[in-house]
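In what follows, a single structure is set out as structure tokens and then discussed.
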Amino acid sequence: MGIGELDREAHVPEVTGAGAAPRTLAEALRARGDEGLAALLRARPDLLSPVPNDLTQLATRAGTRGSVVRALERLDRFALQTAEALAVAPDPAPYPVLLALLTGDEGDPEIEAALPGAVALLREQALVWGEDDRLRLVRTARELLAPSAQHPSPTGLGPTVAEATAGMSPGRVQEIIATAGLTATHDPVSAVAALTELFTDRARMGALLDEASPETLAVLDRLVWGPPYGEVTANPAPPVQWLRDRGLLLPVSARTMVLPREVALHLRGGRAHRAPEPVAPVVEASRDYRPQVVDSAAAGQAYAAIATVEELLKSWDQGGPQVLRAGGMSVRDLKRTAAALDVSEQLAAFWVELCFGAGLLASDGEADERYAPTPAYDDWLDLPPAERWARLVAPWLVATRVAGLVGGADAKGRTLAALGPDLDRAPAPEVRHRVLELLATLPPGAAADPETVFARMRWERPLRGAGQAGPPRPPQPTADAEETTAPDPHTDLRSRLARWTLAEAELLGLTGRGALAGPARALLNLPLAEAATPADHGGRVELSVAAGRAATLLAPLLPEAVDHVLLQADLTAVAPGPLRRPLADALAVLADVESKGGATVYRFTPGSVRRALDSGRSASDLHDFLTAHSRTPVPQPLAYLIDDVARKHGHLRIGAASAYVRCDDDTVLGEILADRRSAALGLRRLAPTVLAAQADPASLLDGLRAMGYAPAAESAEGDVLITRADAYRTPARTAPVPVPDGPPAPDATLLGAAVKAIRAGDRAATAVRKEPAAPAATGGLPRTSAAETLATVQAAAMTGSAVWIGYVNAEGAASQRVIAPVRVEGGFVTGYDHTADEVRTYPLHRITGVAELADDQV
């Protein structure tokens, strides 16, 4: 859009009289009430940054390409179709013409009922202005939505006859109208008008097409719903030649023809769209369950989510995978994590990203950077299970990082890594909220049909997530005007986000068996007694408060933690439910988890018992621990296992030389030297009870343990080193901040102040000034001498009248203001500034000039 075009749409040379039809968008905005302006700024918050000086500047900003694109992206499908119809209608278009483009010749009661609301929405967002007899689409929106060879219209329509014949020779135009049976004219303008009149006359067009062969009509059928372009050969077939001769196909280039808009509309029965969608698709239920069943299933999933997060971060207690140079986890580390959790790599990426988003996981920032739990993880472990769940789902709901993208490629073809950059997608929080709210429109216990959810999401924001900086483009034309295959509607970002939201909500226990659970309703601040649409519930509350309510509802549904296990003779222990924290931590050191589920099975092995002994526990401590927490007697095989490992534990001592082994029993050292498996350790005897090794202490410990021994590490002083289960933690880290999806929505206070400031600035900008006695200097600011300025403001202060001043601040920025002086002294004038709507003081030497206001403006 050029400067002149913006000026024609936004500039206001003078104030429009009351009741007059607006001539520009600025005049239309000026005619609005404060509520109307507030609604515009609420719907398009980008217009507030910074607050416009006046309504002319607001109108200019509302017509910029970036702002219009953002506004179009937030339209529902029918409002967008209404704007697209206006883009192919005459400018300005009467309301009946717009209605005819959407309903066609046969009419449609649903469209007739929905159209006033769509027009009102477009007006509210300043995309359409003017009265019903002269509806105008903002010029930038028309440029984005109108058809052209480079940007085909979403309607599938082509250019008008006048546009398509703009570069055609007058002789060729005369040939077309003669072949079409029209009277020859003396100039191409009247000839084009005659051809347009023919194509818009239903009766005459019907008679003309009655002469066409079935093959000719088949060519038109392939082009009628778009794309309207088709390639032809140098010697076109007779059907195509017949259409060319009568102007039903017009040349765009030597080998490309286009179907004029007027012809396409006749063939479509007047419709601009093949399938107008005035009513939003209804979200339908696929199955119904009792609400109690849904809540129980969701609670089970919630507990599984808590356990999975615990298991993941516990496995990284001593430091997790290394951070790639470009950021994120390597594919190999992701596969290892997936194997440890016994899930797919995509699910492993989700759990890792969930921990990262909740602030439980971060990089340690060291030179050899690794991922590890944060100190917040320890605080999280101390919370009750329901509150731990709330600390996971609340950040997930507002996070812009999208785990579903892991494994895909970015714009440069690079693989997107878990925990890496480029995973933020600004629409994600809005999509998650909306999907869950749509599930809430169904009765409690009803599981939604996913396809109906996706259809509703696409209807509500058809342009969001399409990955384009403007309206979607239809398929490009192909040779011989053949039809093309439409793109898959499920591949756009918004549909993928909706699909991932449904799956992740099930994993987190927000839904059970596909139906929204009670705790999820509390998290969204929705009514719990019965389903309600999002418009029915009250104002939003803080997410933390809502998460607390959700945790309160979830707590009674979670299984109660137990303080005992059942020991079995096969060296296993069965936990009949979730274990309390101290017991769970101690048992995790003493035994290995063999299987998980409703009852967790732990297995005791020599390695796990040695791990407990390494942590500083003695054999008697372990016997007492098992006796105190088992509802069954300690089996003899388990007691023998503990005593046997304890008897060997610490018999060998390993320290740093590079490394050494010492033992009071020299025969044991002899056995180690004689064992072929010890060759890799580089052992040699230094004394009867000491062996030196070329391996480091850690490798020596692992090697001897692999040989079946139970060595213990010792310090430089000869004391046994106890390896407690203390975990490695990163320094304090904050959770990642979501990427904003444009400017934040303004609150009522900001809206009120902004509207007040814009009104005040507009009054100053449009106030009528008296002509100065002497001609003013060129420029927008008034110019008077210092004496004239002082005399005028003093007179205004005495009479209580307002004046118009030009002012240059300390930074050199010039502005014009309307002030009512109340005091002039000491080289300063103090008065009420109508532009800023407050009392201000101005240095007289910075006032460039002053002029009185016209009598009707005082």
Search all heavy atoms of L423 against all heavy atoms of E353 and return the closest pair with its distance.
CD1-OE2, 3.2 Å
So does K314 pair up with E311, basic N to acidic O under 4.0 Å?
no
Which of T374, L360, L381 passes side-chain contact (heavy atoms from CB on, under 4.5 Å) with L313? Answer is L360
We want to know whether Y660 and E714 form a side-chain donor-acceptor pair, criterion being a heavy-atom distance below 3.5 angstrom.
yes
Side chain to side chain contact (heavy atoms under 4.5 Å, CB included) evaluation trace for T605 with L641
CA-CA 8 Å; T605 65; L641 175 64; 5.8 Å; no
If you look at every heavy atom in P385 and I306, which pair is closest and at what distance?
O-CD1, 3.1 Å
Is a side-chain N or O of E369 found less than 3.5 angstrom from the main chain of D364, in a donor-acceptor match?
no
Side chains of L405 and R496: closer than 4.5 Å at any heavy-atom pair?
yes
With rounding to the nearest 0.5 Å, note down the distance linking CD in E310 to SG in C355.
10.5 Å
From CZ (F350) to CG (L507), nearest 0.5 Å
5.5 Å
Backbone N or O of L508 within a donor-acceptor pair of the W389 side chain at under 3.5 Å?
yes
Would L439 and L502 count as a side chain to side chain contact (heavy atoms under 4.5 Å, CB included) if you check the C-alpha gap in whole Å, the side-chain angles of each, and the deciding distance to 0.1 Å?
CA-CA 10 Å; L439 297 184; L502 289 178; 4.0 Å; yes
Run the side chain to side chain contact (heavy atoms under 4.5 Å, CB included) test on R432 and L497 for me, step by step, so that the C-alpha distance in whole Å, both residues' side-chain angles and the decisive distance to 0.1 Å come before the verdict.
CA-CA 8 Å; R432 293 193 188 105; L497 287 173; 5.7 Å; no
With no hydrogens and no angle check, is any side-chain donor or acceptor of T552 less than 3.5 Å from a backbone partner on G548?
yes
If you define the side chain from C-beta out and look only at heavy atoms, does anything of D570 sit under 4.5 Å from P637?
no
With no hydrogens and no angle check, just 3.5 Å: does a side-chain donor-acceptor pair link S330 and D333?
yes
How close do Y371 and S363 get, counting heavy atoms only, and between which atoms?
CD2-N, 3.8 Å
Close side-chain approach of S630 to H564, heavy-atom, < 4.5 Å:
no
H629 (side chain) donor-acceptor with F625 (main chain) under 3.5 angstrom:
yes
Closest non-hydrogen atom pair, A390 against P395
O-CD, 4.1 Å
With side-chain hydrogen bond (donor to acceptor under 3.5 Å, both in side chains) as the criterion, how do S699 and D696 come out once you've worked through the C-alpha distance, each side chain's angles and the decisive distance to 0.1 Å?
CA-CA 5 Å; S699 299; D696 60 88; 2.9 Å; yes
Ignoring hydrogens and angles, state whether a donor on the side chain of D621 or S618 is under 3.5 Å from an acceptor on the partner side chain.
yes
Heavy-atom count check: over 12 atoms from other residues, nucleotides or ligands less than 6.0 Å from D563 CG?
yes
Inter-residue atom distance D424.CG - R401.CZ, 0.5 Å rounding:
5.5 Å
To the closest 0.5 Å, what do you measure between CZ (R391) and OG (S544)?
9.5 Å
Run through R521, R290, Q292 and flag the one making a side-chain contact (heavy atoms from CB on, under 4.5 Å) with P444.
R521
Please determine if R685 and D666 form a salt bridge, counting it only when a charged side-chain N lies under 4.0 Å from a carboxylate O.
no
If you define the side chain from C-beta out and look only at heavy atoms, does anything of R370 sit under 4.5 Å from W316?
no
Report the C-alpha separation of Y602 and D592 in whole Å, then their side-chain angles, then the decisive distance to 0.1 Å, and conclude whether the side chain to side chain contact (heavy atoms under 4.5 Å, CB included) test is met.
CA-CA 5 Å; Y602 294 84; D592 298 323; over 6 Å; no
Counting heavy atoms not belonging to E594, are there more than 12 under 6.0 Å from its CD?
yes
Using 0.5 Å steps for rounding, measure from the CD1 atom of I672 to the CZ atom of R677.
10.5 Å
List the atom of V294, the atom of A515, and the distance in Å for their closest heavy-atom pair.
CG1-O, 3.5 Å
Presence of salt bridge, R705 and D614, under 4.0 angstrom
yes
Is a donor from one side chain sitting under 3.5 angstrom from an acceptor on the other, for S286 and D449?
no
Measuring only between side-chain heavy atoms, which start at C-beta, is L691 closer than 4.5 Å to L686?
no
Does atom CZ of R425 have more than 12 heavy-atom neighbours from other groups under 6.0 Å away?
yes
Backbone N or O of A403 within a donor-acceptor pair of the Q346 side chain at under 3.5 Å?
yes
What's the separation between atom CZ in R611 and atom CG in L590, rounded to the nearest 0.5 Å?
8.0 Å
Applying the side-chain contact (heavy atoms from CB on, under 4.5 Å) test to L567, which of T632, T572, T627 qualifies?
T632
If I compare all heavy atoms of G327 with all of A417, which pair ends up nearest, and what's the gap?
O-CB, 4.4 Å
Can you find a pair of side-chain heavy atoms, one from L397 and one from L436, that are under 4.5 Å apart?
yes
Within the 4.5 Å heavy-atom criterion, are Y709 and L701 side-chain neighbours or not?
no
Do the side chains of R603 and L571 get nearer than 4.5 Å, heavy atoms only?
yes
